[in-house]
Amino acid sequence: MNTLSKLSLNNEKVLIRVDFNVPLNDQGKVTDDTRIRAAKPTIDYVLSNGGSCILMSHLGRPKGKDAQFSLSKIQETVSKTLEVPVIFAKDCIGTETQERANSLQNGQVLLLENLRFYEEETKGDKDFAKQLSSLGSVYVNDAFGTAHRAHASTAVIASFFENKKAFGKLLEQEVSSIDKVMNTGEKPVLAILGGAKVSSKITIIENILEKIDHLIIGGGMAYTFIKAQGGSIGHSLCEDDYLQYTRDLLVLAAEKNVQIHLPIDVVCTEEFDNNSQSQIKPIGSIPEKCMGLDSGPDTISKFRAVILESKTILWNGPVGVFEFPNFAKGTIALGKAIAESTSKGAFSLVGGGDSVAAVKQFGFINQVSYVSTGGGAMLESLEGKDLPGIAALRV
Ligand code: AMP
């Protein structure tokens with residue numbers, strides 16, 4: 001891996017693709033600086049090794065130059081979070097920006113205007129990438145959140161930096177965490193997949209079956225499996241088009257010696273509502289009028305036992321409607337069990353928007369080994385795809 005530590009950064013102008021696509025409130029203030037904090041180790045490393053930083057990012061999905069999406073809005077937060085003064089360039093390319101970059105001194109940080117003010121960015125335009133590349137002498141990609149995009153600043157640009165390009169520290173951590181689950185992790189390896197739909201996780205399931213020993217399937221996607229096995233699921237979430245698929249998958253898993261663990265009981269209600277009266281039923285005996293919204297107590301114990309036996313754990317997707325406090329118990333218990341297993345030496349990786357939200361919300365974020373910052377990029381990695389942003393750093 002081309003890591004930062006392999007490069008000499010003294011007197012270098014390091015052009016870093018960061019993911020500062022942070023949420024803003026109505027007043028244009030940053031409401032969550034997680035992504036900025038995530039890039040700090042790379043920026044600190046460059047500055048303390050005698051280089052300067054030119055930070056480039058997108059923010060939102062502007063159509064042309066739209067002040068609402070200007071990175072000037074985040075300049076103050078970036079400076080506060082990084083604990084250094086930050087100079088702002090009103091454009092990401094052009095003569096003025098080039099001059100600013102040229103006059104940048106070691107130890108200084110320059111933040112460029114939104115890359116997506118130019119449609120050339122998402123189109124992966126070569127000339128645009130070349131203009132960006134002229135701003136720096138070294139290229140670093142630390143934006144895992146956009147590593148699955150073949151954009152000008154995430155992939156195309158790398159070809160202008162022969163040997164002077166590297167993974168940022170965040171990207172390096174993301175890649176090695178996924179590698180631990182997929183290739184080098186201690187056995188038994190467990191994947192926990194939850195969330196709403198089987199259809200959205202098919203490619204992941206097929207790819208990880210090659211790598212894992214256990215697969216827990218929970219949440220809304222479990223009901224398609226249960227119905228396919230002849231269970232009554234009331235009007236729980238179900239994808240009827242995938243019934244045969246789930247049967248085939250169980251056969252395939254058995255052939256590959258992967259143990260699949262499905263829920264055995266369920267908390268169900270008549271309404272999709274936090275305050276709806278609930279009851280606990282065996283998973284295949286959900287009354288006609290009801291739907292399953294959370295894992296039952298026996299399922300929680302069953303899943304917990306598998307988690308505690310595993311040495312490498314991947315979690316993607318909640319195992320109930322955790323947004324409703326009355327149906328969050330299964331997801332909380334799962335997070336707790338992963339934290340416990342981690343404290344006993346297991347490696348745990350949590351990824352995907354909803355599971356990350358759950359570990360944050362329920363306070364497990366510091367008790368798991370790694371929480372991925374990139375939703376789509378993480379999912380595509382699990383699908384076995386070579387991400388353009390990562391591939392471009394290798395050549
Ligand atoms: P996904 O985006 O596919 O990972 O799905 C995440 C969503 O699945 C969350 O919003 C959960 O509320 C939802 N979910 C989990 N379990 C269930 C369930 N039993 N019934 C309906 N939705 C569920």
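Atoms within a ligand are numbered from 1 in the order they appear, just like the ligands themselves.
Between E96 and D91, every side-chain heavy-atom pair lies at or beyond the 4.5 Å cut-off.
In summary, the side chains of R17 and H58 do present a donor paired with an acceptor at a separation below 3.5 Å, with no hydrogens or angles considered.
With a 6.0 Å radius and a threshold of 12 heavy atoms from other residues, nucleotides or ligands, K329 has its NZ atom at or below the threshold. More than 12 non-hydrogen atoms from other residues, nucleotides or ligands lie less than 6.0 angstrom from NZ of K40.
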Quiz: residues 211-224 side-chain donor-acceptor pairs under 3.5 angstrom, not counting sequence neighbours:
{"residue": "D213", "atom": "OD1", "partner": "K187", "partner atom": "NZ", "Å": "2.9"}
{"residue": "D213", "atom": "OD2", "partner": "V189", "partner atom": "N", "Å": "2.6"}
{"residue": "H214", "atom": "ND1", "partner": "H261", "partner atom": "NE2", "Å": "2.9"}
{"residue": "Y223", "atom": "OH", "partner": "G292", "partner atom": "O", "Å": "3.3"}
{"residue": "T224", "atom": "OG1", "partner": "E239", "partner atom": "N", "Å": "3.0"}

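In this structure, K169 forms a cation-pi arrangement with Y45, its terminal cationic atom sitting closer than 6.0 Å to the ring centre and no more than 45° off the ring axis.
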Run through all N or O atoms in ligand 1 and write down each protein N or O closer than 3.5 Å, as a pair with its distance.
{"residue": "ligand 1", "atom": "3 (O)", "partner": "A196", "partner atom": "N", "Å": "3.1"}
{"residue": "ligand 1", "atom": "4 (O)", "partner": "K201", "partner atom": "NZ", "Å": "3.3"}
{"residue": "ligand 1", "atom": "5 (O)", "partner": "A196", "partner atom": "N", "Å": "3.0"}
{"residue": "ligand 1", "atom": "8 (O)", "partner": "A196", "partner atom": "N", "Å": "3.3"}
{"residue": "ligand 1", "atom": "10 (O)", "partner": "E323", "partner atom": "OE2", "Å": "2.5"}
{"residue": "ligand 1", "atom": "12 (O)", "partner": "E323", "partner atom": "OE1", "Å": "2.6"}
{"residue": "ligand 1", "atom": "12 (O)", "partner": "E323", "partner atom": "OE2", "Å": "3.3"}
{"residue": "ligand 1", "atom": "16 (N)", "partner": "G220", "partner atom": "N", "Å": "3.1"}
{"residue": "ligand 1", "atom": "19 (N)", "partner": "G292", "partner atom": "O", "Å": "3.0"}

